[in-house]
Amino acid sequence: MTDARGFQALSPTSLADVLGRGQVMDIGIRPLWSPVPRVAGPAYTVRCPAGDNLMLHAAIHRAAPGSVIVVEAGDVDYALAGGNVCAVAHRRGIAAFVLDGVIRDLAEVRELGFPVFARGVIPVPGTKAAAVPLNEPVRCGGVTVHTGDIVVADEEGVVVTPAARAGQVFADASAKQAKEEAETLDDWATAHRDKVEKILREQGFTG
């Protein structure tokens with residue numbers, strides 16, 4: 001399997017062009033502080049029932065360094081984590097949290113420099129009562145994520161590459177990104193105008 005660290009060089013936009021809309025999380029999953037660095041790593045999946053955060057708190061002690069912990073939460077009414085949880089995750093080498101839910105203690109998290117992509121912030125903590133299995137498929141931001149899938153996230157959004165397709169996606173996205181980086185703005189502008197004008201002609205536009 002392709003090493004997830006190589007994906008650090010690929011932008012979410014390059015990956016989205018290759019993977020399509022279905023592997024891109026919805027716009028509600030956003031970085032909670034800025035400027036956030038790009039993160040890339042294998043997913044470690046967690047499910048937390050509504051109002052409960054036990055399994056995320058368990059996961060920070062179980063996920064391997066470099067992992068992106070991806071959480072499906074049952075609501076946005078109770079915080080999944082706060083400053084201390086993020087600090088321990090950061091100290092253990094967890095790359096980031098990607099949460100279909102909310103956190104608290106944002107000032108502490110920002111000061112730590114720990115990347116969190118989530119739906120927002122609320123000061124109310126969840127309970128710790130519901131033990132459910134870890135590393136099962138979850139839905140986060142509208143995308144089904146399996147443990148080991150490669151998550152790339154920055155200010156542009158969050159993209160998930162299925163582990164089984166990682167090698168081909170990496171090759172295709174790398175080639176696309178390299179081609180775009182080698183193209184001058186003048187070259188792009190000429191090709192862009194030609195493309196737009198061709199479509200307009202085909203649509204019968206005469207203005």
Side-chain angles (χ1 to χ4, degrees), residues 2-46 56 60 63-73 80-81 85-87 89-90 92-103 105-121 138-163 165-183 188:
T2 299
D3 191 330
R5 289 174 295 185
F7 278 75
Q8 186 86 29
L10 296 175
S11 71
T13 52
S14 296
L15 290 165
D17 286 345
V18 171
L19 286 162
R21 179 66 186 88
Q23 294 304 121
V24 180
M25 293 190 186
D26 70 55
I27 63 170
I29 311 297
R30 303 298 300 167
L32 295 187
W33 54 269
S34 182
V36 69
R38 181 180 301 155
V39 298
Y44 186 97
T45 58
V46 179
L56 172 56
I60 66 170
S67 299
V68 176
I69 294 182
V70 179
V71 181
E72 175 184 335
L80 290 165
V85 170
C86 291
H90 186 54
R92 292 204 62 250
I94 303 303
F97 286 169
V98 175
L99 314 174
D100 203 329
V102 294
I103 69 161
D105 302 330
L106 179 57
E108 295 177 32
V109 176
R110 182 172 53 238
E111 186 175 350
L112 275 171
F114 181 66
V116 178
F117 300 79
R119 293 205 179 272
V121 180
V138 299
R139 289 284 287 179
C140 185
V143 178
T144 298
V145 185
H146 298 78
T147 286
D149 289 349
I150 298 175
V151 181
V152 177
D154 65 16
E155 63 188 5
E156 296 290 339
V158 184
V159 182
V160 181
T161 299
R165 298 172 57 194
Q168 189 61 55
V169 169
F170 180 81
D172 292 347
S174 295
K176 178 176 177 54
Q177 187 165 294
K179 180 181 178 182
E180 291 175 350
E181 289 172 351
E183 187 177 43
W188 183 90

Problem - side-chain contact (heavy atoms from CB on, under 4.5 Å) evaluation trace for E180 with D17 - result: CA-CA 12 Å; E180 291 175 350; D17 286 345; 4.2 Å; yes

Should [X] and [Y] count as side-chain neighbours, where that means a heavy-atom distance under 4.5 Å?
X    : Y    : answer
S174 : L10  : yes
M25  : V160 : yes
L19  : V169 : yes
P42  : V68  : no
V24  : V143 : no
R21  : D26  : yes
C86  : F97  : yes
T45  : H146 : no

Write down the atom of [X], the atom of [Y], and the distance for their closest heavy-atom approach.
X    : Y    : answer
A4   : A40  : O-CB, 4.0 Å
F114 : A89  : CZ-CB, 3.9 Å
R139 : E72  : N-OE1, 2.8 Å
T161 : A166 : CG2-CA, 3.8 Å
V116 : W33  : N-NE1, 4.2 Å
A163 : D149 : N-OD1, 2.9 Å

So, does [X] use its side chain to make a donor-acceptor pair with the main chain of [Y] at under 3.5 Å?
X    : Y   : answer
Q177 : A9  : yes
E155 : P31 : no
R92  : I60 : yes

How many angstroms lie between [atom1] in [X] and [atom2] in [Y], if you round to the nearest 0.5 Å?
X    : Y    : atom1 : atom2 : answer
T144 : Q23  : OG1   : CD    : 8.0 Å
I103 : E108 : CD1   : CD    : 9.5 Å
E156 : L15  : CD    : CG    : 12.0 Å

Practice task
Apply side-chain contact (heavy atoms from CB on, under 4.5 Å) to the pair C140 and L99, showing each step before the final yes or no.
Solution key: CA-CA 7 Å; C140 185; L99 314 174; 6.0 Å; no

Exercise for the section: For E111, look at atom CD and say whether over 12 heavy atoms of other residues, nucleotides or ligands are found less than 6.0 Å away. Expected result: no

Completion exercise
Checking I69, V159, V158 against V151 for side chain to side chain contact (heavy atoms under 4.5 Å, CB included), the one that qualifies is V158

Practice task
For the pair V121 and L32, evaluate side-chain contact (heavy atoms from CB on, under 4.5 Å) and give the outcome as yes or no after the intermediate values.
Solution key: CA-CA 8 Å; V121 180; L32 295 187; 4.2 Å; yes

Problem - Test: D172 and R165 ion pair at under 4.0 Å - result: no

Problem - Residues R119 and D100 bridged, charged N to O under 4.0 Å - result: yes

Practice task
Apply the test salt bridge (Lys or Arg N to Asp or Glu O under 4.0 Å) to residues K179 and E183: give CA-CA distance (whole Å), side-chain angles for both, the deciding distance (0.1 Å), then the verdict.
Solution key: CA-CA 6 Å; K179 180 181 178 182; E183 187 177 43; over 6 Å; no

Practice task
Give the intermediate values and the outcome of ring-ring contact (aromatic ring centres under 6.0 Å, His included) for residues F170 and F7.
Solution key: CA-CA 7 Å; F170 180 81; F7 278 75; 5.3 Å; yes

